[in-house]
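In what follows, chains are A, B, ... by sequence order, proteins preceding strands, each numbered from 1.
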2 protein chains.
Amino acid sequence: MREALEDVWRALADPTRRRILDLLRAGPRTTGELCARFAVSRFAVMKHLAILERAGLVLVRRESRQRWNYLNAVPIRQIYERWIRDYEGVWAGSLLTLKRHVEGSGRERGRTS
Amino acid sequence: MREALEDVWRALADPTRRRILDLLRAGPRTTGELCARFAVSRFAVMKHLAILERAGLVLVRRESRQRWNYLNAVPIRQIYERWIRDYEGVWAGSLLTLKRHVEGSGRERGRTS
DNA sequence: AAGATATGTGACCATTTAGTCACATATGCG
DNA sequence: CGCATATGTGACTAAATGGTCACATATCTT
């Protein structure tokens with residue numbers, strides 16, 4: 001697969017969509033309930049929900065005339081495990097890099113490869 | 001501050017930029033070295049670097065006619081600590097949600113708030 | 001000084017994105 | 001039935017994005 005997390009990254013890039021996910025952490029919500037929380041139009045929220053659904057971050061279940069949106073945090077976990085986690089080893093090193101950076105001491109490439 | 005991580009999220013949304021960061025994990029690189037690794041034009045890479053720099057993910061030090069790009073992983077750590085971490089408690093629950101979702105048993109809202 | 005190398009800038013283009021309004025469908029209820 | 005409610009769709013706009021090419025500047029080397 002061609003990096004299925006691509007849609008997830010893009011979905012998470014928008015602050016409104018992250019807020020939607022934050023709301024869904026407390027439990028499933030109908031589309032109407034979600035719209036009531038945002039200043040933008042109902043359709044704008046629906047578009048965001050469609051993007052979140054395509055990314056697999058939101059699961060939808062229709063019940064009569066309502067649409068229940070469920071949070072699925074699994075893709076977020078994958079983002080962490082497949083990418084962010086790889087940077088844990090550099091966190092401490094980054095502070096050192098910053099220090100050398102401001103010191104401006106030349107010729108300290110220190111590349112690993 | 002008005003959520004300074006906004007630029008970081010947007011910067012991370014692009015796969016080319018994430019690849020640049022992956023390269024920089026092994027150590028600092030000049031702009032030219034980075035360009036050689038990508039199919040897109042040199043200027044496209046420079047634009048990506050500018051976005052990464054604005055987000056604070058890349059620190060730049062000029063040395064004579066070269067520009068050394070350093071990885072700064074601190075914003076990535078903040079993304080984790082201020083957002084992703086909050087979802088750890090839901091990872092297990094998401095599997096349960098998924099199970100209920102496919103079962104399609106109505107009326108199990110189970111909201112916390 | 002001259003040329004090669006490394007990076008910075010300006011102008012432009014195509015596509016995507018986030019948003020709008022208006023209208024359609026579908027369901028619960030009196 | 002008829003109406004209110006909840007969600008789905010179509011058409012459109014403005015701005016941001018990712019990309020290009022051409023040109024400018026600055027520095028190292030001969």
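Remark: P of dT7(D) and CD of E53(A) are 13 Å apart, rounded to the nearest angstrom. For the pair M46(B) CE and dT17(D) P, the computed distance is 18 Å after rounding to whole Å. Atom CG of D14(B) and atom C1' of dG19(D) are 11 Å apart (whole Å). Note: CZ (R29(A)) to C1' (dT7(D)) measures 18 Å, nearest angstrom. The CD atom of Q66(B) sits 13 Å away from the P atom of dT5(C) (whole-angstrom rounding). In this entry the distance linking NE2 of H48(A) with C1' of dT7(D) reads 17 Å, nearest Å. Rounding to whole angstrom units, CZ of residue R65(A) and C1' of dA4(D) are separated by 7 Å.
Considering only side-chain atoms of R10(B), the nucleotide from dT20(D), dT17(D), dT7(D) that sits closest is dT17(D). Side chain of F43(B), nearest nucleotide from dG19(D), dT7(C), dT9(C): dT9(C).
Remark: R61(B) is not in phosphate contact with dT7(C), judged by side-chain N or O atoms under 4.0 Å from OP1 or OP2. Side-chain N/O atoms of R17(A) include one lying less than 4.0 angstrom from OP1 or OP2 on dA18(C). A sub-4.0 Å separation between OP1 or OP2 of dG8(D) and a side-chain N or O of R67(A) is present. Contact between the side-chain N/O atoms of R42(A) and the OP1/OP2 oxygens of dG8(D) is not found at any separation under 4.0 Å. Residue S41(B) has a polar side-chain atom (N or O) positioned under 4.0 Å from OP1 or OP2 of dT20(D). For the OP1/OP2 pair of dG28(C) and a distance below 4.0 Å, the side-chain nitrogens and oxygens of S64(A) include at least one atom meeting the criterion.
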